[in-house]
Amino acid sequence: QVQLVESGGGLVQAGESLRLSCAASGRTFSSYAMGWFRQAPGKEREFVAAVSWNAGRTIYVDSVKGRFTISRDNAKNTMYLQMNSLKPEDTAVYYCAARRYNIVSYSILDYDYWGQGTQVTVSS
């Protein structure tokens, strides 16, 4: 079992940056692929980024490429999402997720554990 807790959300202006963190419990964190998803009001939850167990592979949705960077520190059982050049359309609740396989995936269905989410609001 893995428990995930997100932090780092907040209210920023367009063009500013935020770094989200996802702290995980459990000794198997380092063997899991991890991902970030987001859900805006009235919209479905969507994939943002994912990282393999050793950070050897990362994938991103096209809309955040070049602005967001996903990373992880297995020694700290923590995953991060550095978000730069934020836009109002990035406003959403951001969720971290863990997958019981070490292969990254874009699909929400492939992730087994979820955090409660952290709100990111970007004003124009």
Side-chain angles (χ1 to χ4, degrees):
Q1 189 76 8
V2 174
Q3 293 185 324
L4 305 172
V5 179
E6 303 95 336
S7 62
L11 171 63
V12 297
Q13 293 188 334
E16 295 185 339
S17 299
L18 278 175
R19 188 175 82 155
L20 305 183
S21 299
C22 173
S25 64
R27 293 176 292 178
T28 53
F29 171 81
S30 61
S31 65
Y32 290 179
M34 301 289 295
W36 287 98
F37 290 77
R38 65 187 180 186
Q39 188 166 18
K43 295 187 177 181
E44 294 186 351
R45 193 172 298 189
E46 66 170 358
F47 171 81
V48 176
V51 58
S52 61
W53 70 278
N54 64 350
R57 185 171 184 221
T58 58
I59 55 175
Y60 299 89
V61 67
D62 285 347
S63 60
V64 307
K65 285 180 180 178
R67 300 189 299 122
F68 291 10
T69 303
I70 190 171
S71 61
R72 65 190 295 167
D73 185 338
N74 288 341
K76 296 182 179 180
N77 275 16
T78 303
M79 175 180 65
Y80 305 97
L81 186 67
Q82 178 66 43
M83 304 186 295
N84 299 329
S85 302
L86 282 161
K87 304 176 180 180
E89 51 264 43
D90 295 318
T91 295
V93 177
Y94 283 70
Y95 298 89
C96 71
R99 185 178 188 213
R100 289 180 298 190
Y101 298 97
N102 59 18
I103 300 173
V104 294
S105 171
Y106 295 91
S107 174
I108 193 172
L109 300 177
D110 286 338
Y111 290 81
D112 303 290
Y113 304 104
W114 292 85
Q116 294 300 305
T118 185
Q119 177 71 47
V120 172
T121 304
V122 184
S123 63
S124 58

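- In this structure a side-chain-to-backbone donor-acceptor pair under 3.5 Å is missing from Arg38 to Ala92.
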Next on the checklist: Run the side-chain contact (heavy atoms from CB on, under 4.5 Å) test on Gln39 and Tyr94 for me, step by step, so that the C-alpha distance in whole Å, both residues' side-chain angles and the decisive distance to 0.1 Å come before the verdict.
Outcome noted: CA-CA 7 Å; Gln39 188 166 18; Tyr94 283 70; over 6 Å; no
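- To the nearest 0.5 angstrom, Asp90 atom CG is 4.0 Å from Phe68 atom CZ.
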Next on the checklist: I'd like to know whether Cys96 forms a side-chain contact (heavy atoms from CB on, under 4.5 Å) with Leu4, so could you lay out the CA-CA distance, the side-chain angles of the two residues, the decisive distance to 0.1 Å, and finally the verdict.
Outcome noted: CA-CA 7 Å; Cys96 71; Leu4 305 172; 3.6 Å; yes
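- Proximity of a side-chain donor or acceptor of Ser30 to a complementary backbone N or O of Asn74 within less than 3.5 Å is not detected.
- Leu109 and Val104 fall within the same hydrophobic cluster, where Ile, Leu, Val, Met, Phe, Trp and Tyr residues are linked whenever their side-chain heavy atoms come under 4.5 Å apart, directly or through other members.
- To the nearest 0.5 Å, the span separating CD1 on Ile103 from CZ on Arg99 amounts to 6.0 Å.
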Next on the checklist: With side-chain contact (heavy atoms from CB on, under 4.5 Å) as the criterion, how do Val48 and Leu81 come out once you've worked through the C-alpha distance, each side chain's angles and the decisive distance to 0.1 Å?
Outcome noted: CA-CA 10 Å; Val48 176; Leu81 186 67; 4.3 Å; yes
Item to check | Test side-chain contact (heavy atoms from CB on, under 4.5 Å) applied to Gln82 and Leu18, step by step | outcome: CA-CA 6 Å; Gln82 178 66 43; Leu18 278 175; over 6 Å; no
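- Here side chain to side chain donor-acceptor pair (under 3.5 Å) pairs that include residues 50-62, with residues two or more places apart or in two chains, are Ser52-Asn54, Asp62-Lys65.
- For the pair Met34 and Ala98, the tightest heavy-atom approach, listed with the atom from each and the gap, is SD-CB, 3.5 Å.
- Screening Leu20, Asp73, Val51 for a side chain to side chain contact (heavy atoms under 4.5 Å, CB included) with Tyr80, the sole residue that qualifies is Asp73.
- Listed by first and then second residue, the side chain to side chain donor-acceptor pair (under 3.5 Å) pairs that reach into residues 110-119 are Arg100-Asp112, Ser105-Asp110, Gln119-Thr121, sequence neighbours excluded.
- Within the structure, side chain to side chain donor-acceptor pair (under 3.5 Å) contacts touching residues 2-24 (residues at least two apart or in different chains) are Ser17-Asn84.
- Summarising the geometry, atom OH belonging to Tyr32 is positioned 11.0 Å from atom CZ belonging to Arg72; distances are rounded to the nearest 0.5 Å.
- Rounding to the nearest 0.5 Å places CH2 of Trp36 at 8.0 Å from CE of Met83.
- A cation-pi arrangement is present between Arg45 and Tyr95 under the rule of less than 6.0 angstrom and at most 45 degrees off the ring axis.
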